[in-house]
Amino acid sequence: MAADQDDVPLNAIRAFVTIARERSVTQAARTLGITQSSVSRYLAVLQNYFGTDLVERRGRGSELTEFGRLFANAVAEPLDTVCFTAKRMQRRNRTDDNRLVVRTSLSTFAYSFLIPHLQAFSAEMGGIIVDVVSSLSPPSSTDNFDILITRDLSIIEPADDWEIYNEMLVCVGSPNHVTGRSLSIARSMPILNITSRPDILPTWLRAMNLAAKDIRSGARYDHNFLALPAVITGKCLLVAPEIIVSDLVREGALHVIPGSRTSSGMQYRAYAVDRSDNPEVARAFCRWVARLCKKAAIPEAA
């Protein structure tokens, strides 16, 4: 079907906005992945549509006319919004539709708490497969995931979100060494340092009315999941998010020091992105993990 002469030439507008950004027809062609002559033709189509010049040659480069600047300023941002929306709503073909991809920046949370409970969600949802990937990088609209679980990253694309956990800290140790002991044990037994969470120990010390000079500094570990075997088997303490030690406490592998529980001020959130191939299942997962986190609190010791 032939286009009406008044139809807006959208491809030509995209080419022109790229010229405006790159300040060069040649560079615009490279950015768009088309030939320079194609970009020139698009420009000619748009100039013919408006009946005026949008670009003028200046040496080897291209400069916008006043009309061109006005038009570029008016349409560049809306065009970005259209392109972004199209990308986020793109449905990619999957070999297995019965699958979710959960991305998280919380590797210890995933290792010690989330993954051990995934079989329950899978059974509840008829055997769905849940892939888990971890990354500390901010997510983009082109990354392949259905759900983001994070404490410190933001998400810029449309998504439903849930507050799943307000982080609580506890001090734990091996039952052989700490059962029956009071908080004063923190002054004599080494406390492990977690370099990926340098905020935890100072926050906990302030809440306990302790200073760094009041405690013995123990070994350093990059992540909490590396420190867990050390505190289970060694004569040392660990201040950690309650949620990552809750199952170990219930199993008797760790013991919480009475009176050591306090808030870190951090919040975990789950996001189900709109572009998910399985949006309803992704939302069901977020609701499920929120319920799971609510059950994780360790009863206060008598």
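- When atom types are taken as modelled, the side chain of Thr262 and the backbone of Leu169 share no donor-acceptor pair closer than 3.5 angstrom.
- Side-chain contact between Phe285 and Ile128 is absent, with no heavy atoms from C-beta onward closer than 4.5 Å.
- Linking Ile, Leu, Val, Met, Phe, Trp and Tyr whenever their side-chain heavy atoms come within less than 4.5 Å leaves Val55 and Val45 in two separate clusters.
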Please walk me through it: do Phe16 and Leu64 pass side chain to side chain contact (heavy atoms under 4.5 Å, CB included)? CA-CA 10 Å; Phe16 168 69; Leu64 302 185; 3.8 Å; yes
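- Residues Tyr271 and Pro139 have side chains not in contact (no heavy-atom distance under 4.5 Å, counting atoms from C-beta outward).
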Let's go through Arg30 and Gln27 carefully: what are the C-alpha distance in whole Å and the side-chain angles of both, what is the deciding distance for side chain to side chain contact (heavy atoms under 4.5 Å, CB included) to 0.1 Å, and is it a yes or a no? CA-CA 5 Å; Arg30 294 195 187 101; Gln27 187 57 45; 3.0 Å; yes
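- Between atom CD1 of residue Ile257 and atom CZ of residue Arg181 there is a gap of 8.5 Å, rounded to the nearest 0.5 Å.
- Of the possible polar contacts, none joining the Ser105 side chain to the Ser135 backbone as a donor-acceptor pair under 3.5 Å is found.
- Side-chain atoms of Asn73 come within 3.5 Å of backbone atoms of Arg69 as a donor-acceptor pair (strictly under, hydrogens ignored).
- No donor-acceptor pair closer than 3.5 Å links the side chain of Ser122 to the backbone N or O of Leu118.
- Other residues, nucleotides and ligands place more than 12 heavy atoms under 6.0 Å from the CZ atom of Arg250.
- Here the rule is side-chain contact (heavy atoms from CB on, under 4.5 Å) with Leu237, and of Leu192, Ile191, Val172 only Ile191 fits it.
- The side-chain contact (heavy atoms from CB on, under 4.5 Å) test with Arg103 is passed by exactly one of Ile147, Val132, Asp143: Asp143.
- Here the CG atom belonging to Leu46 is positioned 11.0 Å from the CG atom belonging to Asp53, to the nearest 0.5 angstrom.
- Panel note: side chain Glu56, backbone Thr65; no donor-acceptor pair is recorded below 3.5 Å.
- No option in Thr26, Val25, Thr18, Thr31 other than Val25 meets the side-chain contact (heavy atoms from CB on, under 4.5 Å) test with Val39.
- Between the CD1 atom in Ile200 and the CG atom in Asn193 there is a gap of 11.0 Å [rounded to 0.5 Å].
- Clustering ILVMFWY residues whenever any of their side-chain heavy atoms sit less than 4.5 angstrom apart, transitively, puts Met266 in a cluster other than the one holding Ile243.
- The distance between the ring centers of Phe109 and Tyr165 does not fall below 6.0 angstrom.
- When the side chains of ILVMFWY residues are joined at heavy-atom separations under 4.5 Å, either directly or via intervening members, Leu70 and Val8 end up in two distinct hydrophobic clusters.
- Side-chain contact between Asp160 and Cys286 is absent, with no heavy-atom pair separated by less than 4.5 Å.
- More than 12 heavy atoms of other residues, nucleotides or ligands shown are found within 6.0 angstrom of CZ on Phe225.
- Although no hydrogens or angles enter the test, the distance criterion places a donor-acceptor pair under 3.5 Å between the side chain of Ser188 and the main chain of Ile185.
- Grouping the Ile, Leu, Val, Met, Phe, Trp and Tyr side chains by contacts below 4.5 angstrom, directly or via other members, places Ile149 with Tyr111.
- In this structure a side-chain-to-backbone donor-acceptor pair under 3.5 Å is present from Asp146 to Val101.
- Side-chain N or O atoms of Asp247 include none that pairs as donor or acceptor with a backbone N or O of Phe113 at under 3.5 Å.
- Classified by interplanar angle (parallel below 30°, tilted 30° to 60°, perpendicular above 60°), the ring pair Phe121/Trp288 is tilted.
- Within the 4.5 Å cutoff, the side chain of Glu157 has no heavy atoms near those of the Asp274 side chain.
- A distance of 6.0 Å separates CG in Leu183 from CG in Leu210, rounded to the nearest 0.5 Å.
- Salt-bridge annotation for Arg287 and Glu124: absent, with no side-chain N of the basic residue lying under 4.0 Å from a carboxylate O of the acidic one.
- Residue Tyr221 is not grouped with residue Ile215 when hydrophobic side chains (ILVMFWY) are merged at heavy-atom distances under 4.5 angstrom, including chains of intermediate members.
- A 4.5 Å side-chain heavy-atom check between Leu148 and Val273 finds every atom pair outside the cut-off.
- The number of heavy-atom neighbours closer than 6.0 Å to CZ of Arg151, taken from other residues, nucleotides and ligands shown, is above 12.
- Ser196 is not listed as a side-chain neighbour of Asp222, based on a closest heavy-atom distance of 4.5 Å or more.
- Between the Ser134 side chain and the Ser107 main chain, no donor and acceptor come within less than 3.5 Å of each other.
- Trp162 places no side-chain N or O within donor-acceptor distance of the main-chain N or O of Ala272, the cut-off being under 3.5 Å.
- One distance of note links CG of Leu43 with OG of Ser38; it measures 12.5 Å at 0.5 Å rounding.
- To the nearest 0.5 Å, atom CD1 of residue Ile232 and atom CG of residue Leu254 are 5.0 Å apart.
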